Amino acid sequence: MSERKHVIILGGGITGLAAAFYVQKYGKETGKPITFTVIEASNRLGGKIDTIKEDGFVLERGPDSYLARKTVMTELVKDVGLGDDLVSNETGQAYILHNMRLHPIPEGAVMGIPTKVMPFATTPLFSVTGKARAGLDLILPKRKDAQQDISVGHFFRRRLGDEVVDRLIEPLLSGIYAGRIDRLSLQSTFPQFVETEKKYRSLILGMKKTQPKQEKSPITKKKKGAFLTLQGGLSSFIEALSKAVPGESIKTGVSVKAVERSEDGTYSVMMEDGSVMKGDHVIVTTPYHVTKKLLGESLFPVGFHDTKPTSVATVAMSFNEEDVNFNLDGTGFVIAKSEKTSITACTWTSRKWPHTTPKGKVVLRCYVGRAEDQDIVQQSDEVILEKVLDDLKKIMGVDSRPEFYHVSRMIDSMPQYEVGHKEYVKKLRTVFQQELPGIRLAGAPYDGVGLPDCVNSAKMAVDSLFRS
Ligand code: FAD
């Protein structure tokens, strides 16, 4: 029997391409004869990563950066030769919209948890009662059943009260998950807070003790940003990643229809065009609803994981500097759910990421689409733009029109990690281990939605196939 193993990777987003890179790395390190093929349905690689580069602008349709402290992504960026292109964000005040006014997020608030007394005590964002209720965190006992997963909302409401959750924590977190905070799994999204409560009881005291001092740039003496991106946009990373593997190992414009296990334990991947590819292992990185269809719905335990992913759209707009009559001294704002706006957040892109914008221009990027209100995402570009401009006029007084704009819809793009997510994924993987032992599930639906989480998920999939 041949020693050569072939791995088929379904999906050419960041997870699929990272998986290809790690399979190749393993083959090189061990000298084992392993080949692989990435199969991507669209004609473009990158999945949700999609950078538009035109006339000196670098605009992202989907993700724009990643959390620097999750170093697995930086290592991969360096591995593909782009270490020198890494750029961190300019820091500055972020704001929150409440009662149609922009309030600075109180200094020292970490994910909304106050760690400094004065900025929290003096902010007009919360009522006196709201502040007093948050202070109860200092004396409330810790949860007895800390191992049991609960919602992020439930956890923070108990410790800090509804006001701090609704006006600060919810808008900050739903920017990342576009989900319902009262259904979002604490264990799968912010396990560090479970640990903080376990160790320090009070979140305020715990965060105060554990927050690392923010590094300052040796040149500008300004605080270093917590996020990283690439000078040429995130698509430049996708390009470098795809060039790091042999060209013939990537097939674009080929859609997978089904995967079947053969009697001899190998797998047949059937394409929409009627062709079939045989492999010893399959790493599946397609969106969850696609994966279910490809592998057979009956394998998937019934459960909450069937909650529809949320659709969002981003609107990137370029204005002439003199047309934006607003002091953009900061990085942008997020919006509390109670506000009657179409947008959910706005990044002052040219300020936060100066390399993206030519001099004399201002780029603003707004998000629309909430878990409980998806209709707007389906509207035409023109309708979405008008709604966004209407909001910007009310909030920032911007009443000029952009020189150009891009509306980017990401349909069913944000997997919803509901309470019990971790247990469900564990159960799912156990079923696969028994029924389809050569298949691995990787990517945003399982191990975290952030780009570094996807890279890590790809790495774990390859390790569990070959290294364990
Ligand atoms: P995908 O990128 O979805 O890739 C899956 C691939 O599978 C796609 O290319 C698709 O075409 C392909 N495919 C589908 N069906 C088939 C088929 N039948 N056959 C073959 N191929 C198929 N994360 C961050 O860290 N920072 C951010 O700033 C950030 N911002 C975001 C903003 C938005 C608007 C969105 C939607 C997400 C954001 N995220 C961010 C999350 C992050 O972008 C995603 O979690 C990540 O890109 C998912 O990568 P993936 O490879 O797992 O999946």
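Keep in mind it's a predicted model, so treat the numbers as computed, not measured. When a ligand or atom number is given, it counts from 1 through the structure's own listing order.
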Answer with yes or no after comparing the ring centroid distance for Tyr446 and Tyr424 against a 6.0 Å cut-off, counting only values under it.
-> no

Is the Phe190 to Phe155 ring centre distance short of 6.0 Å?
-> no

Measure the acute angle between the ring planes of His98 and His103, then classify it against the limits of 30° and 60° as parallel, tilted or perpendicular.
-> tilted

Could you go step by step and tell me if Val312 and Ser413 meet the side chain to side chain contact (heavy atoms under 4.5 Å, CB included) rule?
-> CA-CA 7 Å; Val312 293; Ser413 58; 3.8 Å; yes

When you check the gap from the basic side-chain N to the acidic O, do Asp391 and Lys387 get nearer than 4.0 Å?
-> no

Could you list each nitrogen or oxygen of ligand 1 that sits under 3.5 Å from a protein nitrogen or oxygen, with the atom names and the distance?
unit_1	atom_1	unit_2	atom_2	d
ligand 1	2 (O)	Lys48	N	2.9
ligand 1	3 (O)	Lys48	NZ	2.5
ligand 1	9 (O)	Glu40	OE1	2.6
ligand 1	9 (O)	Glu40	OE2	3.2
ligand 1	11 (O)	Glu40	OE2	2.6
ligand 1	18 (N)	Val256	O	3.1
ligand 1	19 (N)	Val256	N	3.0
ligand 1	21 (N)	Ala41	N	3.1
ligand 1	25 (O)	Leu451	N	2.8
ligand 1	26 (N)	Ser65	O	2.7
ligand 1	28 (O)	Asp64	N	3.3
ligand 1	28 (O)	Asp64	OD1	3.4
ligand 1	28 (O)	Ser65	O	3.3
ligand 1	45 (O)	Val449	O	2.5
ligand 1	51 (O)	Ile14	N	3.2
ligand 1	51 (O)	Thr15	N	3.0
ligand 1	51 (O)	Thr15	OG1	3.1
ligand 1	52 (O)	Thr15	OG1	2.7
ligand 1	52 (O)	Ala444	N	3.3

So, is the end of the Lys352 side chain (NZ or CZ) under 6.0 Å from the ring centre of Phe227 and within 45° of the ring's axis?
-> yes

